[in-house]
Amino acid sequence: MVSKTVSELEEMARRCRVEICKMTHRIQAGHPGGSLSEIDILCGLYGRRLRYRPEEPDWNDRDRFILSKGHASPGMYAVLAEVGFISHDDLKSYRVKGGVCQGHVDSKWCPGVDFSAGSLGMGLSFGLGCAIAARLEGSSRNAYVMVGDGEIQEGSIWEAAMAAAHHELGNLKLFIDCNGIQNDDFCDAQMRMFDIPAKWRAFGWSVRVIDGHDMNEIIQAIEWMDTVQDKPCVVIANTVKGKGVSFMENNPAFHGAAPNDAQLRQALIELGVEQ
Amino acid sequence: MSRMAATRDGYGEALLELVANPKVVVLEADLGKSTKSLHFRNSHPERTVSCGIGEQNMLLIGAGLASSGFIPFASTFAIFTERAFEQMRNGIARPDLAVHLCGSHGGTHTGTDGSSAQSIEDLAIYRTLPNVVVIHPCDDISTKELTMQLPNLNKPSYMRTARNKTPVLYEDRLSEIKIGKGIELTSGDDVAIIACGVLVHESIRAAEILEENGINATVVDMHTIKPLDKALIDKLSTKCGAIVTAEDHSVIGGLGGAVSEYVVSSNPIPIEKIGVNDRFGESAEADEMLEIMGLKSNNIVDAVHRVLSRKS
């Protein structure tokens, strides 16, 4: 387990944001918005809490991290390169024939990826299986899952939510990246979800709401998750889609659109890269 | 009269024996009493995961367990497995995780529950998935033996079982039962009748009727639809020159589809397909359903005469 300081984690997240913009620009495809909203949490997890061995990706007692919103793969690839599962050069293979960085995160292609994602609503159930497996083996490893807020419109999420509480899976830890935007529009226009924390409490989970871009709050939430052992817990993170790049922020157009040349230049300036 | 038993009982007995493997876990979706996984649950509740009435969640819990080195056996009614098809496709088949899915109460033979419960497309849809092995046994002994072989497969699988009792064929014949290997039950040079599930028994009866009329049929129990026993089909194509397939399943995409697809590209010979002719069922007793759907031995005999008239 590595333990970076808050400022180191913030700097790691900044570097990852740069890579997210470069990756999507390079292939002129992909999902920058949701990658930028999730990235601070991913850096907090990989930099402070997850147990893993980049030199031994299949180490049995590693914590599992399941990116259920698998389209936000640039964010995960950037982190995997930061911590050494893949090289920074591998990031150039995003969506490219034969590349380890497939369009959606894929365990068959990329070391460090535990779950082959792509269809929304699946990762939490997979996480349940990982958590039950850890319990059966008597292992202290945890299963961390990240879903998007739009994703919880999928009915199967609630099958999983109910089952996790029923089985009292204290080793299952969920993050909801609440950036308020889904593919076609704002979530509130597509399908209002009303009181999301109340829904999870009603399903029997321990719930905490945070600012998903405040690294101190993220770290406190991760530490809080360790204290919840008798039931599953969820951190509902209020985030901004496209966070860190002004013209992408809270802009539904950048759910699944890449920056053009001029937009990349502006993004890199905003992210502190010398031009 | 041979002993009668349901294939689902063979599945339940196999799970109970697989208890000895500490990696085997059982997943249920509120139908363990029906699929017969309840014996495992009663024996080892700590290795049984209740998923409530939630098939999509169940399959992906299985995927998570398989990715962690366990060998999950999940079961529900065949029709309800279909609700989780995309989970099977994207969460299990694509990452090639060895989750073993059993759909019981398959086919129109499931009877009086009516058309909503009579899966006639399960074999077809699972056969389209890369990596997935598709099995439909005809008696309790072969069901048990094939289930016992699944942990060594290291591939995802779908097995259809049935609720209603059928004659037991494989008493003292365990050595003949292997995943991916069809079993020749009779030997004849005029026509090959390739069947699975309950229609194996109708095919045997059809062969008896045909023999009385001087027509000798090789009846095959093709319990594994995928991977198909191509070597056996090659042999029978050469030997018999005509094939009838028989299944309690749609004529589209199941055993008949699999055999036809292979034969047309290898050694084209006439084929007739006995199956559900692109329609839904209704409430009726199991045997009545076979009559309604044209799946009885006399229908197979008619199909043999048709295929022989086309044989050059």
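Here is how names work: the chains are called A, B, and so on, in the same order as the sequence lines, proteins then strands, and each is numbered from 1. What you see below is based on every heavy atom in this structure, not just the backbone, and it leaves out hydrogens, waters and symmetry mates.
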For this session: Walk me through it: do A/Ser119 and B/Asn90 pass the test side-chain contact (heavy atoms from CB on, under 4.5 Å)?
Result: CA-CA 7 Å; A/Ser119 302; B/Asn90 263 346; 2.7 Å; yes
Atom [atom1] of [X] with >12 non-hydrogen neighbours under 6.0 angstrom:
{"X": "B/Arg83", "atom1": "CZ", "result": "no"}
{"X": "A/Asp230", "atom1": "CG", "result": "yes"}
{"X": "A/Lys199", "atom1": "NZ", "result": "yes"}
{"X": "A/Met162", "atom1": "CE", "result": "no"}
{"X": "B/Asn42", "atom1": "CG", "result": "yes"}

Flag the pair [X] / [Y] as yes when at least one side-chain heavy-atom distance between them is below 4.5 Å, and no otherwise.
{"X": "B/Ile53", "Y": "A/Glu159", "value": "no"}
{"X": "A/Glu137", "Y": "B/Lys23", "value": "yes"}
{"X": "A/Leu128", "Y": "B/Leu60", "value": "no"}
{"X": "B/Asn57", "Y": "A/Ser125", "value": "yes"}
{"X": "B/Leu97", "Y": "A/Phe126", "value": "yes"}

Problem set entry | chain B contact via A/Arg141 - which portion, at a heavy-atom distance below 4.5 Å | side chain
Exercise. Which bit of A/Asp106 comes within less than 4.5 Å of chain B, counting heavy atoms only: side chain, backbone, both or neither?
Worked result: side chain
For this session: Look only at the side chain of A/Arg64 and the backbone of B/Ser68, and say whether a donor-acceptor pair between them is shorter than 3.5 Å.
Result: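 No; judged by distance alone, with no hydrogens or angles, the pair does not exist.
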Exercise. Does B/Cys51 offer a backbone N or O that forms a donor-acceptor pair with the side chain of A/His166 under 3.5 Å?
Worked result: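 The answer is no, because no donor-acceptor pair under 3.5 Å joins these two groups.
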For this session: Considering only heavy atoms and a distance below 4.5 Å, find which of A/Ala160, A/Ala163, A/Ala131 pairs most often with chain B.
Result: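 Heavy-atom pairs under 4.5 Å are most numerous for A/Ala160.
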Exercise. How far apart are the closest heavy atoms of A/Met122 and B/Gly91, and which atoms are they?
Worked result: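 Heavy atoms of A/Met122 and B/Gly91 come nearest at SD-N, 4.5 Å.
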Which of [options] touches chain A most, by non-hydrogen pairs under 4.5 Å:
{"options": "B/Gly52, B/Gly62, B/Ala84, B/Ser50", "answer": "B/Ser50"}
{"options": "B/Pro22, B/Ala66, B/Ala63", "answer": "B/Ala63"}
{"options": "B/Val49, B/Val25, B/Ile61, B/Leu59", "answer": "B/Ile61"}

Exercise. Which distance, rounded to the nearest 0.5 Å, do you find between the OG of B/Ser67 and the CG of A/Asp58?
Worked result: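 Going from the OG atom of B/Ser67 to the CG atom of A/Asp58 covers 10.0 Å.
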